[in-house]
Amino acid sequence: MRVAAMHISDGVLSTPVLLGGGAVAVAGVALGLRRMDYDRIPQVALLSAAFFAASTLHVPAGPGVSAHLVLNGVTGVILGWAAFPAFLVALALQAVLLQHGGLTTLGVNVVNMAAPAALCCWLFNRLVCSPRSGLATVGAFLAGALGVAGAAALTAASLALSAESFRRAALALFALHAPVMVIEGCVTVALVAFLRKTRPVLLHGPRIEDRSLA
Amino acid sequence: LLIALAAWVPVAWAHRVNVWAAFAGDEVVCRATVGRGPAKDCLVRAYLSDGRLLTEGRTDDAGRFSFKPGAKADLRIVLEAGEGHRDEFMLAADRTAGEAAPAQAGDTAASTPSDAVATPDEARLRQVVGEVVDRKLRERLDPLIDRLASASNREAGLTEILGGIGYILGIMGVAMYFRARHRGTQGGA
């Protein structure tokens with residue numbers, strides 16, 4: 001069985017790509033930590049744990065091939081910039097405990113996962129929090145699907161900057177993650193619907209912070 | 001959400017790629033795995049210790065790839081499974097000392113004039129016995145080597161996953177502790 005994943009292992013990427021990824025990751029994590037106040041630490045930890053465990057759940061993506069859930073769209077919508085520290089912790093543990101990804105590629109992997117997450121928050125948080133539930137459903141689905149698509153695009157770009165041809169890597173990653181995008185879209189819709197009923201404050205979190213900082 | 005995820009976990013987890021190689025006679029046999037299964041049609045490259053590419057090829061349906069290195073040398077076997085999956089295996093030439101030594105001993109004995117003249121039968125005998133023992137040993141050892149290869153390919157299991165979640169909760173606790181103190185001193189001041 002062949003399994004596709006978007007976490008890049010040690011020794012694949014060139015040094016400039018690793019350093020660039022590391023620098024962006026440090027900036028993102030610093031920004032995320034500044035916006036993570038006391039009350040949000042448990043949320044960040046919970047989503048970090050969900051992201052950590054999700055990489056072990058495989059979704060069949062065609063004959064003999066499977067891909068795993070990423071959950072970065074959901075994490076982004078709920079956490080915003082705080083997705084950076086959440087993914088940093090989860091990816092470091094995945095590298096050490098599951099030999100999934102690598103420690104030298106940690107920065108690049110954090111950026112590949114968390115940058116689309118933050119973008120999803122910026123694009124869709126307003127929609128997800130809208131009073132009309134139809135709009136919220138559309139926003140949640142798009143956030144879940146585009147989180148995965150963005151991660152696939154960035155991973156393909158990092159591989160292309162080092163060795164593999166972008167077209168080949170991008171096509172392979174997108175083909176494998178098409179089912180994951182649909183599933184994550186549905187997971188995000190379900191989770192957002194649940195949170196809108198039970199804890200709408202969670203969804204408003206990132207936006208309130210952005211406003212207070214602006 | 002976590003409970004729902006946990007219910008899914010047994011489906012399958014690790015997808016770490018792993019490559020393992022050994023000398024078998026004059027051949028090098030590489031075995032490539034993904035998780036518990038063979039890594040099919042993956043690129044394997046063999047480098048010499050000075051970094052030169054010796055040969056490359058793709059694994060078959062059983063995840064195997066074999067080649068003749070020519071001379072025994074330290075080799076670096078690299079498996080490239082694409083999309084960022086990669087593994088390396090260092091194959092030391094002295095791992096084969098046990099195989100190579102008897103044959104060499106036989107050769108030198110045969111080529112040393114005094115030995116060859118004094119006891120030609122003994123030199124010949126040594127060589128033949130050496131070859132037979134060599135072959136028998138290999139037959140016996142091959143299954144063991146296979147098992148060793150699969151054992152060294154350690155899988156990530158429930159232990160690692162629960163351990164990771166534990167770490168995350170621990171980090172959360174530490175973060176909350178420091179933030180709480182911070183807030184407390186600010187409030188006090």
Side-chain angles (χ1 to χ4, degrees), chain A residues 1-13 33 36-38 41-42 44-50 52-59 64 66 68-69 71 74 85-86 89-90 92-94 96-102 105 109 155-156 158-159 164 168-169 172-173 176 187 190-191 194, chain B residues 1-2 4-18 33-42 78-88 153-184:
Chain A
M1 185 182 71
R2 244 169 71 79
V3 188
M6 291 198 281
H7 302 354
I8 302 167
S9 310
D10 288 324
V12 176
L13 298 179
L33 285 177
M36 186 175 74
D37 65 11
Y38 182 80
I41 292 173
V44 174
L46 186 70
L47 284 160
S48 180
F52 170 79
S55 77
T56 60
L57 304 180
H58 290 189
V59 177
S66 73
H68 64 75
L69 290 182
L71 292 187
V74 194
V89 169
L93 287 170
Q94 282 175 357
V96 173
L97 294 175
L98 308 178
Q99 285 85 42
H100 182 187
T105 52
N109 284 334
T155 306
S158 347
L159 291 171
E164 287 185 61
R168 201 189 134 267
L173 284 170
L176 288 169
V187 168
L191 197 71
F194 177 72
Chain B
L1 179 69
L2 273 178
L5 292 181
W8 271 44
V9 166
V11 178
W13 33 63
H15 42 245
R16 177 194 179 193
V17 296
N18 196 289
T33 56
V34 171
R36 285 182 202 282
K40 296 172 192 172
D41 195 32
C42 290
V78 177
L79 172 70
E80 304 257 10
E83 286 96 46
H85 285 300
R86 186 177 192 278
D87 190 37
E88 283 191 17
N153 176 15
R154 210 169 62 87
E155 293 275 320
L158 201 57
T159 321
E160 279 79 10
I161 294 166
L162 293 179
I165 293 171
Y167 270 108
I168 292 171
L169 292 180
I171 293 168
M172 174 184 98
V174 170
M176 292 183 83
Y177 172 74
F178 280 105
R179 284 291 164 99
R181 268 174 54 137
H182 190 62
R183 208 166 56 160

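These numbers come from the heavy atoms of this one structure, side chains and all, not from hydrogens, waters or symmetry mates. We name chains A, B, ... by the order of the sequence lines, and we start the count at 1 in each one.
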Would you name the heavy atoms of [X] and [Y] that are closest together and state the gap between them?
{"X": "Pro42(A)", "Y": "Met172(B)", "result": "CA-SD, 3.6 Å"}
{"X": "Leu97(A)", "Y": "Gly163(B)", "result": "CD1-C, 4.2 Å"}
{"X": "Ala53(A)", "Y": "Ile165(B)", "result": "CB-CD1, 4.4 Å"}
{"X": "Ile161(B)", "Y": "Phe52(A)", "result": "O-CE2, 3.2 Å"}

